[in-house]
Each structure stands twice: as structure tokens, then as C-alpha cells.
**Student:** 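My structure is below; once you've seen it, I'll send some questions.
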Amino acid sequence: MKYEVFARINQGDETLHIGNVTADSDRLARMYARNTFDEEDWDYLAVVRREHILEVKAETPGVI
Amino acid sequence: MSTSHADTGAADTDTRATDSEFIQRRRTEATALESELWDVLDEIPDPHIPVSLVEMAMIYDVTERDGQVTVEMSYPCMGCPAYGFIENDIKSGLRVVDGVAAVDIDVVWDPVWTKDMLTSDVREKMRNSGISL
Amino acid sequence: MDEWPDPAVDYMQAIVDTKLILGHRYGQWALAGPSLEDDIGGASASQEEIGHVRQLASRLQAQGRDLEWIHGDRDATEFANAACLDSIDGEWPTYMASTAPADRAAWYLLDAIAIEDLQGMLTKMGEDEYFHLEYHDARLETLAESAPDTIQAALETTLPQALSFIGPATYDEETDPVFTSGFTDRSVAEIREAFIAHYTDLFEGTAVSLDGVDFDAPDPDTWDEARRRVGGGSISEADLRQLRGTENKLFEIN
């Protein structure tokens, strides 16, 4: 499964998208994100399953 | 110790705010020679980051008695690959100071180093170098 | 406690030897993982274990142990590492099922230490260990789905070996010499219970059955107290040469 990785450096900063990881479980995704992005000392680091991201976009309303 | 360290990974955040003051207090109690030694240590760069060992808050205390110097210090990371280099830099830097006969390094983990020990000036310096901590 | 009792020195030596070999195994396998993230984590864990060894070794030195001896200037049969690290006979899943129980057992033994002046150091180590143990469990959970037979077979060997490293079930609050000396705040029997409960919970409801694991190991009558194992065995001569850095001496920077 693909996971998007989000983080902020300091409390109050904006949370930014910093990359992605592929993992077989949520628990493993958390560890992979930590392993991969540990060069910074994050205040907040989180993973979100890509399939759980809901895009918001304008669509033509259906007629029928 | 409790069994909770590995389970929570939580460090004690309540004491962090005072840690920086703890180090500053040690330095203000220094004798003239000890103060000179602090200044020498403040010239030794961290091998990874463009700030000194003192600015990185890795030096906890410097004491001198009859030429025998003891540097009490800690490391941000226990597995620091530059461990030996840093100790060599400290010893070779302090040994050449007048009045110093021998240098001992005492690595301690109480208090545990945290990034909260860095002053805002040092953080700014690091940010300007493209490093966020 | 300035001078540790002999059983406590042996206890710490076994932890140090286990961490030394763990660091070695993590390093050896750091380019063999199924993904780059596994490799990065392994390399990082290797560095952390060696860092832990460096600190704990200096405490052992203060108790009279020779530093060169600790770092490898001795026979393989003098190492008191958890036996599940002697060699990894298999592929990546076997490696995980061998290192994970050893790392967890070593942490449980360290966490039980009650000596006041070690607490800051142990807290720092715990911060590293949280990620080692969490990663291992996450990995074992996924391997329990993808390679259950291999994991089960490996654990039937490695869990009893890790339990031997922790110590015999007969070492309770009245008989465990490290506990009764005040060096630890819980007995081997209590540590074993926590360890067994952890793995029972982890694999509950998975395709890996722990029914074939001898949770009574080790036999207290044949248990070697200094090496914290039964039945001999050791790391290989090749491991020893790598630990000593024999071939790498040529490239040493002074």
C-alpha cells in the first residue's frame, strides 16, 4: 500500500507533505516513515493511506 | 525504571525548559581557567552541523583542579559515528592550554540531551545554514 | 552501588554481548532487506546498538572487565550473546525472527536495572529501542501473513534461546541472584512472563502458531549462568574477525 507522509518541524508550523512510503501495514508504514525521514527532528510526523485521501474538485452535475 | 520507555518512547518533557539554564549555570560558576577552557570548547565545531560543541549544548561542565581537567558532556545520539573524533578534538584542544596537565572526558546521560537545550540564537544560526532542528 | 556483585556483572556482560552481535547482524543484513526502508532502519539500528555497547562497555570496564576483551579480543565461546544470534541460517524472515526476540529480551533485561546512576543512559537507550521493537513487531506481523511457516519454524528455535538469555523460570524474587542483590527491580521470572505474553499477543489470530515453542526453556540444571544459554554453541570465527576488524586494520585512520 502507498502512504503519503506529512510532517511539521515545530509546533504551530504548517504541516507539509514531505514524501511517501510503500508498506504492507499501517504500523510498518509509521516505522518506514521514521526510518526514511529521521534526519529531521520532527514535532509531528504522520502517514496517511493514499486511498484515504479524498480529492475535492468541481464536476459537472448529472442531469439524469 | 518502569517498563514504559520502549512502549511509549516518551521523554520527560516537563524538565526540558530548564535544561538550557542548567548548562548556563554551570558555565557561570567557572573559574578564570575553566572559563578559558569553555571558550576553547566553544571553538570546536560539531562535525555534522556548523555550530560549536558548546552551542550544541553537548558540554555540560568543565572543571579543573591542579591541572587535571574533567569535561562532562553528552551526545544527542548515542550511536554518534563521530564519537571518537569529538573526544580527540576536545583533548587536543584543551591539552595545549597553559595550566592544563591532563584531560578526562566523562560522558553522562543525565540530563538526557534534547533539542530544547539549544538557545534561540543557535537555532537561528542553524536555520540560516539550512538545518532545522 | 559502586561495586556490582558478580552475577550482576555477568548479567550486564550478556546484555553487552547480545547488543554487540545484534549490531553486527543488523549491519550484515543492512543491504539484504526487501525494501530500502528496511535497509535504512537496519543500518540505523546497527549504529545505535554499537553506541549502546560503547556506553555499557565503559560501565563494565569500571567493574574490572578489560575493554579490548569486551570488544572481541577473546574466544568465541567466551561470548555470552543470546544463542539465537550465533548464526542466521536462512533468509530475511529467519533473520527477523532471530534478531527481534534477542533485541526485545536485551531491552527487558536492561529496563529491569535499578541502579540509580544508569537511569539517564537507560532512558536514552529506551528512546532508540522503542523504534527497534516497534519495527520488529510490525515486520513480524506482515511476515506472519506472507511467510508463516518460516516464521513459525524459526521462532520454535529462537524464542527458547531468547528465554535462555533472559534466564530460567526458577529465578524468582527469592532465588534470582541479580534481583536479590538489588541490581534489578524485577526477577527473571517476571521478565520471562512479560516476554512470553508479548509474543503470545503478537501472533494471536495469525497463521503463526506458538504451540510448538518450548516456553519452559531453559532447563535450570543445564543452564550456563555466565553465558546465559544451554548446550554450548557460539558465533563463528569469521564473525570474530569482523568484530575485531582484523581485515580492516589496513584502513584504520589514527
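What you see below is based on every heavy atom in this structure, not just the backbone, and it leaves out hydrogens, waters and symmetry mates. Every chain is numbered from 1, with letters handed out A, B, ... down the list of sequences.
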**Student:** Using 30° and 60° as the class boundaries, would you call the ring planes of C:Tyr95 and C:Trp29 parallel, tilted or perpendicular?
**Tutor:**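 Aromatic pair C:Tyr95/C:Trp29 classed parallel.
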**Student:** Check the side chains of C:Arg104 and C:His198 for a donor-acceptor pair under 3.5 angstrom, ignoring hydrogens and angles.
**Tutor:**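 Their side chains do contain a donor-acceptor pair, which is all the 3.5 Å distance test asks for.
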**Student:** Parallel under 30°, tilted from 30 to 60°, perpendicular over 60°: which one fits the rings of C:Tyr199 and C:Phe203?
**Tutor:**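 Geometry flag for C:Phe203 against C:Tyr199: parallel rings.
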**Student:** So, B:Ser52 versus B:Asp42: side-chain donor-acceptor pair below 3.5 Å or not?
**Tutor:**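 Short answer, yes.
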**Student:** Side chain, backbone, both or neither: which part of C:Gln55 has an atom under 4.5 Å from a heavy atom of chain B?
**Tutor:**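 Answer is side chain: those atoms of C:Gln55 sit under 4.5 Å from chain B.
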**Student:** Please classify the contact of C:Asp128 with chain B as side chain, backbone, both or neither, using a heavy-atom distance under 4.5 Å.
**Tutor:**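 The answer is the side chain of C:Asp128.
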**Student:** Looking at C:Glu134, C:His132, C:His52, which one has more heavy-atom pairs under 4.5 Å with chain B than the rest?
**Tutor:**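 The residue among C:Glu134, C:His132, C:His52 with the greatest pair count is C:His52.
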